Amino acid sequence: MKKQKTEVYNFQSEVKQLLHLMIHSLYSNKEIFLRELISNSSDAIDKLRFKSISSPELYENDSDIKIQISINKAQRTLIISDNGIGMTKQDTIENLGTIAKSGTKSFLQSLEKKHNKQNELIGEFGVGFYSSFIVSEKVSVRTRFAGAKSVEGTLWESSGEGEYKITDIVKKKRGTEITLFLKKEEEEFLEIWRIKNIISKYSDHITVPVYIQNYNETNKTYFWEQINKAKALWTLNKSSITEEEYKDFYKHITNDQNNPLIWSHNRVEGNQEYISLLYVPEKSAWDIWNRDNKHGLKLYVKRVYIMDNSQEFLPNYLRFIRGLIDSSDLPLNISREILQDNCITQNLKKALIKRSLSMLAKLAKDNSEKYQIFWDQFGLVLKEGPAEDNENLSKISNLLRFTSIKSNSSKQELSLKEYIDQMDQKQDKIYYITADSYESAKNSPHLELFKKNNIDVLLLSDRIDEWMMNYLVEFEGKKFQSISKEDLSLNKLTEEKKIKNQELPNEMIDFLKKTKKILGDKVKDVRLTYRLTHTPCVLLSDSNEMTTQMAKLFSAAGQSVPELKYIFEINPNHVLIKKICLIHDEQQFNEWIKLLLDQALLAEKGNLENPHQFISRMNKLLLT
Ligand code: ADP
Ligand code: MG
């Protein structure tokens with residue numbers, strides 16, 4: 001026989017780094033390597049099933065697909081083999097020598113930060129195969145791509161230290177066989193009961209049967225024993241599935257080690273035929289804010305696995321939902337491109353949005369504690385909903401949570417329904433204020449009038465809030481009203497008397513006149529107000545002008561914003577205003593008015609264009 005040529009390759013540097021971690025870190029939960037390998041085999045079988053729809057010859061007359069595990073105690077080896085799609089030589093070099101995923105860098109970084117969370121992360125980031133080095137001193141992979149000639153197999157070998165060897169081999173059966181040469185201290189993984197245990201913990205619900213080679217003491221023969229259920233969980237009857245099984249299945253399909261908060265399993269027949277199983281996680285995925293975040297459902301067509309992360313079935317604002325959809329109406333040869341503009345997809349999407357929203361509504365109704373966990377994790381994502389999905393606006397609105405004056409805490413727990421229920425009969429609007437932070441919203445002078453009249457105001461301080469409020473026009477017939485905007489209906493509600501010029505003392509009329517002249521076109525208008533109690537003056541936005549927060553959003557996004565002009569309102573009852581009224585020195589009066597405007601600007605915007613001028617003006621006045 002001809003001696004086979006062996007080539008030596010270097011691992012990509014990220015892989016080296018990763019392997020170093022795998023080999024030298026202390027894992028509390030080493031057994032996950034088996035979950036990773038089984039899941040790879042299961043993926044390989046899913047790929048074969050999918051490809052063979054158009055090329056049935058890939059089965060090579062062997063359609064009895066399975067995963068087999070055997071143990072050799074004498075050689076201290078554990079062998080996992082499958083007859084899935086297999087790999088070509090090129091595949092092997094690419095898949096088992098590099099990490100193609102763009103998230104690798106962030107994975108490695110987060111590993112360094114969160115030492116105690118390494119195991120959870122391994123699966124999440126899809127660096128599964130390399131986890132075999134947690135327990136092995138050497139790993140060898142024999143593989144052959146389905147449909148290739150039986151002589152075209154590849155042997156991959158490595159001890160995980162910088163390089164790996166590739167050799168051409170003959171492999172009769174298609175698929176992949178992985179041999180782990182276990183480290184001496186990992187002999188527990190040579191026990192059949194231990195392996196069975198791990199499989200039933202992690203892999204009970206993969207759709208491929210997993211067999212283990214067992215020994216019959218009486219007959220003195222080896223036999224293959226099936227150790228998982230190998231039945232697609234979602235196809236079973238709801239009533240026959242236990243809570244534990246739903247949770248395990250969730251962990252299996254997501255690689256998330258936390259339990260889901262709630263799930264919704266539905267089988268729909270008739271016009272549209274599908275099964276969906278949707279989960280709400282308890283913890284946000286690490287990359288939920290990345291632009292290239294891979295969310296989306298697993299897609300099956302008539303029980304056949306088609307693809308992961310199909311984003312076409314859920315809108316962005318529900319991207320935290322995990323799970324699967326199994327459609328009987330889509331064609332098996334569907335591609336991502338066709339999926340996008342397909343009316344079956346569109347209808348499924350509509351239905352799944354409804355399911356997701358009602359699942360969340362149910363969680364809110366049945367278990368407010370868990371709903372709060374959800375809101376704290378994903379509230380910011382859900383807040384994208386009003387802008388993205390006008391059709392379901394009222395359902396989304398019901399799911400939103402806020403903090404308010406009366407909540408007296410930054411925790412967002414108040415629903416709009418609760419806000420309305422505690423409203424006074426006379427109140428017909430939902431009042432809110434947006435600011436950069438909770439503290440700044442809570443202490444805004446705009447609130448003074450509302451506090452005095454015992455009217456609650458929603459305090460909004462998430463970056464997305466101002467954007468969201470553009471789309472939230474009303475809730476159950478009540479309009480939303482920003483309290484930093486001019487609002488004529490307020491007078492009626494608070495029974496504040498309208499200030500008429502003829503009732504004013506002369507010096508106030510004078511004061512107004514002079515102020516208007518000094519400020520000129522720096523402001524839109526100057527007028528007196530009785531909204532304030534503790535503050536001398538405040539700025540209001542005109543009802544049809546852009547608010548301060550909106551202007552900030554625009555300029556943060558690099559857009560040019562027209563200069564904002566405010567209505568400058570002055571509290572005639574404030575001692576400072578009364579004092580300024582009595583100042584006759586024109587120069588000094590002038591300085592005071594400019595200081596007042598700067599104060600109000602600072603309160604409204606949180607910063608000033610020229611803070612130095614403000615400080616020197618104030619210091620000057622302090623000294624007079
Ligand atoms: P992931 O499964 O997230 O892609 P892994 O590190 O677990 O990452 O596997 C890397 C790649 O190696 C897989 O994507 C697949 O292409 C290939 N691979 C691993 N195991 C097998 C197998 N048993 N059969 C075929 N291909 C495999
Ligand atoms: Mg994997």
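Numbering starts at 1 and runs along the sequence shown. Only a predicted model underlies this, so the values are computations on that prediction, with no experimental measurement involved. For ligands, and for the atoms within them, numbers begin at 1 and follow the listed sequence.
- Panel note: side chain Arg322, backbone Leu278; no donor-acceptor pair is recorded below 3.5 Å.
- Close approach of ligand 1 to Leu96 (heavy-atom distance below 4.0 Å) involves ligand atoms 12 (O).
- At a 3.5 angstrom cut-off on N or O pairs, Asp43 does not count as close to ligand 1.
- Short contacts between ligand 1 and Thr176, defined as distances under 4.0 Å to a heavy atom of the residue, involve ligand atoms 22 (C), 23 (N), 24 (N), 25 (C).
- Compare Glu36, Glu177, Lys47, Met87 by their heavy atoms: the one nearest to atom 27 (C) of ligand 1 is in Met87.
- The backbone N or O of Asp308 lies less than 3.5 Å from a partner atom in the side chain of Tyr305, making a donor-acceptor pair.
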Exercise. Would you check, one step at a time, whether the test ring-ring contact (aromatic ring centres under 6.0 Å, His included) holds for Tyr371 with Phe374?
Key: CA-CA 5 Å; Tyr371 190 77; Phe374 158 76; 5.3 Å; yes
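- Partners of Phe223 under the ring-ring contact (aromatic ring centres under 6.0 Å, His included) rule, at least two apart in sequence or in another chain, do not exist in this structure.
- For the pair Tyr130 and ligand 1, the shortest N or O to N or O distance does not fall below 3.5 Å.
- Annotation: salt bridge (Lys or Arg N to Asp or Glu O under 4.0 Å) contacts involving residues 211-225, sequence neighbours excluded, comprise Lys196-Glu225.
- Contact annotation for Ile178 and ligand 1: no heavy atom of the residue comes within less than 4.0 Å of the ligand.
- Taking 2.8 Å as the threshold, Ser39 does not count as a candidate ligand of the Mg ion (ligand 2), since none of its N, O or S atoms lies below it.
- Not a single donor-acceptor pair under 3.5 Å links the side chain of Asp389 to the backbone N or O of Gly385.
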